[in-house]
Structures are given as C-alpha cells and as structure tokens.
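Residue numbering restarts at 1 for every chain, and letters A, B, ... go by the order of the sequence lines. Source: prediction; values computed, not measured.
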Number of protein chains: 2
Amino acid sequence: MTEGPLARIRIDDVAREAGVSKAAVSFAFNSPGRLSEETAARIRSVATTLGYRPHPVARMLTAGSTATIGILSPQALGQVFANPFFSLFAEGVATVTEERGFGLLFISPLHGSLERAIARATVDGIVALGVDEQHPEVEAIRRVGLPMVLVDAPAWPEHGSVEVDDEGGARGAARHLVSLGHRDLLIISIEPATHMSDVSSENVVNRRLRGYRAVLDEAGIALGPERIVVAPATFEGGEAVFLRAWEDGLRPTGVLSMSDAAAAGVLQAARHLGIRVPEQLSVVGFDDLPLTRFTDPPLTTVHQPVRRKGEEAARILLEALAPRAGRPGDHRILETRLVVRRSTAPLADHRSEEVVAND
Amino acid sequence: MTEGPLARIRIDDVAREAGVSKAAVSFAFNSPGRLSEETAARIRSVATTLGYRPHPVARMLTAGSTATIGILSPQALGQVFANPFFSLFAEGVATVTEERGFGLLFISPLHGSLERAIARATVDGIVALGVDEQHPEVEAIRRVGLPMVLVDAPAWPEHGSVEVDDEGGARGAARHLVSLGHRDLLIISIEPATHMSDVSSENVVNRRLRGYRAVLDEAGIALGPERIVVAPATFEGGEAVFLRAWEDGLRPTGVLSMSDAAAAGVLQAARHLGIRVPEQLSVVGFDDLPLTRFTDPPLTTVHQPVRRKGEEAARILLEALAPRAGRPGDHRILETRLVVRRSTAPLADHRSEEVVAND
DNA sequence: CCGGTTTAGCAAACCGGTTTAGCGAACGGT
DNA sequence: ACCGTTCGCTAAACCGGTTTGCTAAACCGG
C-alpha cells in the first residue's frame, strides 16, 4: 500500500543536508527573525525538496499542548454517530473548534473502559456528553487534570457546563396540548439503554417528565402509569409502542414524545391504523431535529438549540484553555421553545366524548 | 473551572516518592516481570495515590505510533456532520477502529488549508472521503508518509481504496422506472458546492449520470439538458428544484434523484402541488439513508452499503498498519442494489398520453 | 568457599522536536 | 586600535516517557 522503506525525514536530516544545526532548522520555521534571510530561505528550500514535516507528536511534547479537544460519550461510537442528536451537537462543537484551529478527537470506551480511553486521549480538554457528576469517569478526568465541560449536567464549581431548560420545554409541550382541549394523553419516554435522542438519559428524562407532569397535574389530568410508556428514541420504537398502546385499548387524543424519532414513528403507526393526524390525534416531539422536516405532517415539537449547545460547550472549554479578557461565564442554561407545526390541532368534540367514555 | 496550580504528576514524581528510578516506574506498568512483585506493587500503589497517568504524548513519541486514525474530508466539519451520509460512514469507520483500540480524529481544513491540518494530525493513517488522485492533498499525505485509504476514488497502487458500483446502481434505478412504463423523466443531480450526499462529488455524480443515461439511451428515451437539473442534496433543494421544473412546464412522471434528501423534498413538493405519489409520480432516491424511513410514502431508492464502506475502509487501513496473515485486498468495490418501496408505481395510461403531448 | 548464573534495579540513551544560553565574527563608535 | 554591541548560528538542555546495557547483590551447585 504505502511505502515502508521510505523513512520519515527528521529535522536532523534537513540540518545535515543544509549544513546547519537542527536548531537553525527549527528557527527557519518558527523564528525566522533569528536567522539571516538568506540561510532561512536555503533551509526552507532544502526542507521542501526533502519533503520535511515536523513530527506533530514531538512538537506537541515540547509545546505542552495538543491543540485538540475531545468529545466524550459513554456509548460506543457506532451508536453515537447513529444518533442525529449527537451529529447536530458535534456540528456545533466542530464549528468553533475548527475556527479556533483545534482538532477534534472522539473519545469512547476502549475495550469497555472509558477510563482507559481518557488516559490515552491526547487532548487539551474534554466536552462530555451524557455523563454527570456521579459518573466515575468525571473523577478520572479531573484526576488527569484535564479541563472539561459537562453537557446536560448540573453546574459544578470545578468545571463548565451547558444545560437546556428541559423542564420548561416539556411544560410548553404539555400546555399546548392541554390548551387545545386534549385531556387523554400518552407520554412516550426514552429508553435509557439504546440509541438515545439525548444522551445524559436519566436526568434529561426526569426533567422532561417533571415538566409534563407539572402542567397535567395543574390541569387536573390524571396521569396513570399506563399513560407513560417507554421506547427507544427511534422511528421503530415509537411506532411499536403506539401500536401496542392502541392494542391495549388506550385511545389517546394527544401524544407527548420525548424524542422526535419516536414521534415520527407514532405518525407512521397512526397512518397504519387509519388515524388522521392532526384531526384525530395530536403529536408533539422533542428536540426539533432535522428529521422533522421529512415527516408528514410536519411535526410540532419542542425546539432545543442543540447545535448552539455544542458551540457554547466548545467556547467555554476553549476559554478555559486560553483565558482572555471578559471571559463569559462557565455555566450556561439555554432556552427551549415550542415549535407548532401541523401535527397538532384542537380536540374534535365528537372524539372528546368517545375519549371520556374510554377513560 | 479546573485547577491550574495542580501540576500534572510526572513519572519522576512517582519515582522519587517510591524511592526508585523512573525506569523502575515504567517497568512497573509495562514489564512487571522485570521487577520483584513486591516493588512493582508498591510503585503502582504510590502511582495511584498520586494520581499518576503516563503522559500520552510522551508515550506516543517513544512508541512511534499514535493508535489513532484520521478521517479526512475537504469540507468544513460543520458541513460534514450535517451530512447524514457522512454520519453513517463515520459510524462504520468508528465501529472497527474502536474494536481494534484505535482513536478517531477528524481532519478538516484548518484556516482553509487541508495541508496544514494534515501536517498537524497525530494519526497513524488516514481514511479520505471526497478526494481523488488529482487533489494536491493526496500528494501531501503521501509525502508525509502516512498510509491512507481513498473512498469513492479509483484504485491506485500506492494506497487502498473502497468504491461502490454507482453506475450499476443508477442503471438499476433507471431500469426500474423504464420498466414501469415511464418515459418522461426528471433527473436531479447533486450540486457540488454544498452539503453533499456523497462527498467525492464530481466522480460520483458523473458515474451515476452515466448509469442513468446508459439505460435511457438504450430505451430510446431522449434526455434533453432541461431534463437534468441540479440541486443541493437537501430537502429544500429537492423541493425547490421540482417546483421550478413544474413551473417551467415540465410534467415528468418519474424522478431520478441522486440523493435521498432531495427525493424527499420532491415528495413534499408533489404533495404541495396536489400530485399523488406514486399514482401520478414515481420518485427514486439514492443512498438509502436512514431518513428514508421518515418519508411518506416510503422512498424507493438505490441502496449503497455506506456503513460497510466505512468499515471496509477502516479495515484496509488498519491492515496496512499492522499487516497480518491472509491480508485481504487493498481495493474493494461494493455492490449497490435497488430497494423498491412505495414511491414508485406503473405509469397510469391516461397520464401517459398527457405526457407524450407534453414532450 | 568459589565461579557462574539469575535477579533487581539504575543510569543513560533515545524518540524528534523547541528553546535557552553562549560563542565567535563582524560592526560601529571613539 | 580597542571595546562594546549586534548578528548569526550552535551546543546542550528539555519535554516525559521507554528501552537498552550494565552492575551489584543474591543464589546456585559442586
């Protein structure tokens, strides 16, 4: 494939060929002022004809920095990239790291051990998604002395954090359905183990649930356990769980899904059952991922600024690495907002009765 | 944010604390056999209480390898992650690198220069997407002496490559529509500059176009230039370009799109125009990305094994890094196949006439 | 009790660069 | 003609580990 014999050109090779010391070669690139213009030019020309590139690892070692930051997630990378939420988040992180000239390394469990992966990672700092204070990994990172920013985890003095108002968003979604007259709802939660819409599952799920519940309680709507079902945050997951609920005799007029993908699956299930959306069933998703543009009808959902979350996390981290004047806070809480599209509509009266009867 | 004062623990600190030489400390971790079990244990315990982690960069320098591979793409990372094709590809690469204990670094132009980014990348090898032999970057990589695998680029002795039978896939798509009786077609090509479904645009686009054309020529179907339109590989792009074609008076009964996203946009445009799919319009996409699960109706499309493309690329690269017995070939060509779903149907006769009239 | 082998651990070289300290030659001023 | 700078470059230390070569002590059998 590529050459084996052709050994890499080292700085000494260039020095010898140009008849100077290796220090001179280094100067020729990094502090040309310390050499006569003539010699500097000669050295550079020798270097190019030899095809010399300074060894990045050696350079890192002396520089004491890697100019790279890591994105850490506790799942296997295969799962991570399958998750559109993550892609969007990474997009945000990448935009700012790239602009600042930083590389991006993905850190995931190596042979099952995140700790090992962290120890081996050549990064200046870490953006962690889906871990919170409790996770032992966080302690591991701190021990190594790496700056980090936790996403979707509560603030903490020792590191930066970026959060989103999940609870408020959930309240908005629930309020929307309630104000449309819906009282018979199905909540689709996210299964922790698999592909997650949002990775720091437990907390995010709880916060959203709290939001839904607050509004429903206030509206006097009972929320029995059979009304809260769990599904992986996938198209298939949402489809299956809604079909099952239907078979179980539930006849909700509104669905609150914690993930867009599952919401899209519900749309599909409804179509299959001959239920018209939004006339007979209202569906609200969560996250406002790009996939909402492909659904029919377009999905009403809770928008959260996923890309900006990535941007903010990266910004806070880079700020911590190279503190400058007027540094913004280490902790950010970003807003969520309901985006009403066409998968929700007022409760039709004739159905309302049927529903009550069913209740 | 994180502590500044707390300097990183070095190997000398451990050595001093344990009352041994730094060589001994190194042995305690890497060749425990060279130390008495007792001392080795003592050293390790001192190391853990001190929180010592060997500096990964220093270790790389002596090891002569980074245990990391790079994914290179000529676009900005922001665009890269926005591209579901890429996510899927990365998923494949990540799966095998992770399994083999390798890290994954994303390489993209730094301040506009891919060369610079390559020179700085601490990787043992590179999987390159969207570049071909002509690109000067490829030459740059070779100069640095890094093994690489080119994806969607023709085979070449010096490096590995993974391709897909784009032309055959396109033929399959065209044949499908022709055999359903369609003779009035619209081809939606991919705009090179923006978010691309497939990144090595020029070649991929040409290969697919060649495939479409071969079948249509054979069937005696004229393909005037007004029948080939270009759009970014996005939902909006497909939507807009179809609406424009319609306004221009074109009344195709079948659409061959080189990207799934644009095909989904066509579905949306058709809905907007009151055209029923597939009864009045057949649409075929390309790539078979996950988004096809969200469209209504489900999209007929040309499947290509994107994830496997990533897997194969990574495998070939790792094989080149650590050659083992029975190494598989350096070049792979993967198959494509038509997946017929519900966005295509036989041409209805009454429309056939209207179409001919229109031609 | 002695020579030979093993064992345990150390000092130093090395990986490939950057950076500091310093040295000889050219230069300028008087 | 002499002294103090400045200029241009080099030697050596350093970054933080790993690895090689070696030595001193312990161990062994005869």
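Of the listed nucleotides (dT10(D), dC15(D), dA11(C)), dA11(C) has the atom at the smallest distance from the side chain of Ser21(B).
Comparing Ser31(B) and Val57(B) along DNA chain D, the residue whose closest nucleotide (by nearest heavy atom) sits nearer the 5' end is Val57(B). With the nearest nucleotide of DNA chain C identified for both Gly19(B) and His55(A), Gly19(B) has the one nearer the 5' end. Annotation: of the two residues near DNA chain C, Ala58(B) and Ala23(B), the 5′-most nearest-nucleotide partner is Ala23(B).
Phe106(A) and Phe81(B) have tilted rings, their planes meeting at an angle from 30° to 60° on a 0 to 90° scale. Using a 30° and 60° split on the angle between ring planes, Phe29(A) and Tyr52(A) fall in the tilted class, from 30° to 60°.
Ile69(B) approaches Val93(B) most closely through the heavy-atom pair CD1-CG1, 4.2 Å. For the residue pair Pro147(B) and Asp124(B), the shortest heavy atom distance occurs at CD-O, 3.2 Å. Taking each heavy atom of Val96(B) and Ala314(B) in turn, the nearest pair found is CG2-CB, 3.5 Å. Taking each heavy atom of Thr122(B) and Pro56(A) in turn, the nearest pair found is CG2-CB, 3.9 Å. The nearest pair of heavy atoms linking Ala24(B) to Leu35(B) is O-CD2, 3.3 Å. Annotation for Ser161(A) and His331(A): closest pair OG-ND1, 2.9 Å, computed over non-hydrogen atoms.
By the 4.0 Å N-to-carboxylate-O rule, Arg315(B) lies close enough to Glu311(B) to be salt-bridged with it. The pair Arg44(A)-Glu37(A) meets the salt-bridge criterion, with a side-chain N (NZ, NE, NH1 or NH2) lying under 4.0 Å from an Asp/Glu carboxylate O. Look at Arg53(A) and Glu115(B) and you find no salt bridge, because none of the NZ, NE, NH1 or NH2 atoms lies under 4.0 Å from a carboxylate O.
When only modelled atom types and interatomic distance are considered, Ser36(A) and Thr39(A) share a side-chain donor-acceptor pair under 3.5 Å.
With rounding to whole Å, Glu37(A) atom CD is found 13 Å from dG8(D) atom C1'. Protein atom CD1 of Ile11(A) is 6 Å distant from nucleotide atom P of dG17(C), rounded to whole Å. Across the protein-nucleic acid pair, Arg16(B) atom CZ and dG16(D) atom C1' stand 14 Å apart, rounded to whole Å. If you take CD1 of Ile43(B) and C1' of dA8(C), they are 11 Å apart, rounded to a whole angstrom. Atom CZ in Arg8(A) sits about 9 Å away from atom P in dG16(C), given to the nearest Å. To the nearest angstrom, P of dG16(D) lies 10 Å from NZ of Lys22(B). Distance, Ile9(A) CD1 to dG16(C) P: 12 Å, rounded to whole Å.
Stretches of at least 3 consecutive Watson-Crick or G-U wobble pairs, with each checked distance under 3.5 Å, appear in DNA chain D as C:1-30 with D:1-30.
Phe29(A) comes within 4.0 angstrom of no nucleic acid atom, judged by non-hydrogen atoms across all strands. When heavy atoms are screened at a 4.0 angstrom cut-off, Ser36(A) is found touching the sugar-phosphate backbone but no base atom. Across all strands shown, Val20(A) has heavy atoms under 4.0 Å from sugar-phosphate atoms exclusively, and none from any base. Thr39(A) comes within 4.0 angstrom of sugar-phosphate atoms only, judged by non-hydrogen atoms across all strands, and of no base. Nucleic acid contact for Leu35(A): sugar-phosphate only, since backbone atoms but no base atoms lie under 4.0 Å from a heavy atom of the residue. Counting non-hydrogen atoms under 4.0 angstrom, Asn30(B) reaches the backbone sugars and phosphates but no base. When heavy atoms are screened at a 4.0 angstrom cut-off, Ala24(B) is found touching the sugar-phosphate backbone but no base atom.
Listed pair Thr62(A) / dT18(C) fails the phosphate criterion, with no side-chain N or O lying under 4.0 Å from OP1 or OP2.
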(request) Summarise protein proximity over nucleotides 21-27 of chain D in one line of letters, 5' to 3': B for base, S for sugar-phosphate only, - for none, counting protein heavy atoms closer than 4.0 Å. (result) B------

(request) Please assess Arg8(A) against Val144(B) for the test side-chain contact (heavy atoms from CB on, under 4.5 Å), listing each intermediate value before the final yes or no. (result) CA-CA 7 Å; Arg8(A) 184 184 186 114; Val144(B) 185; 3.9 Å; yes

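Taking every heavy atom of residues 114-126 of chain A and every atom of DNA chain C, no pair lies under 4.0 Å.
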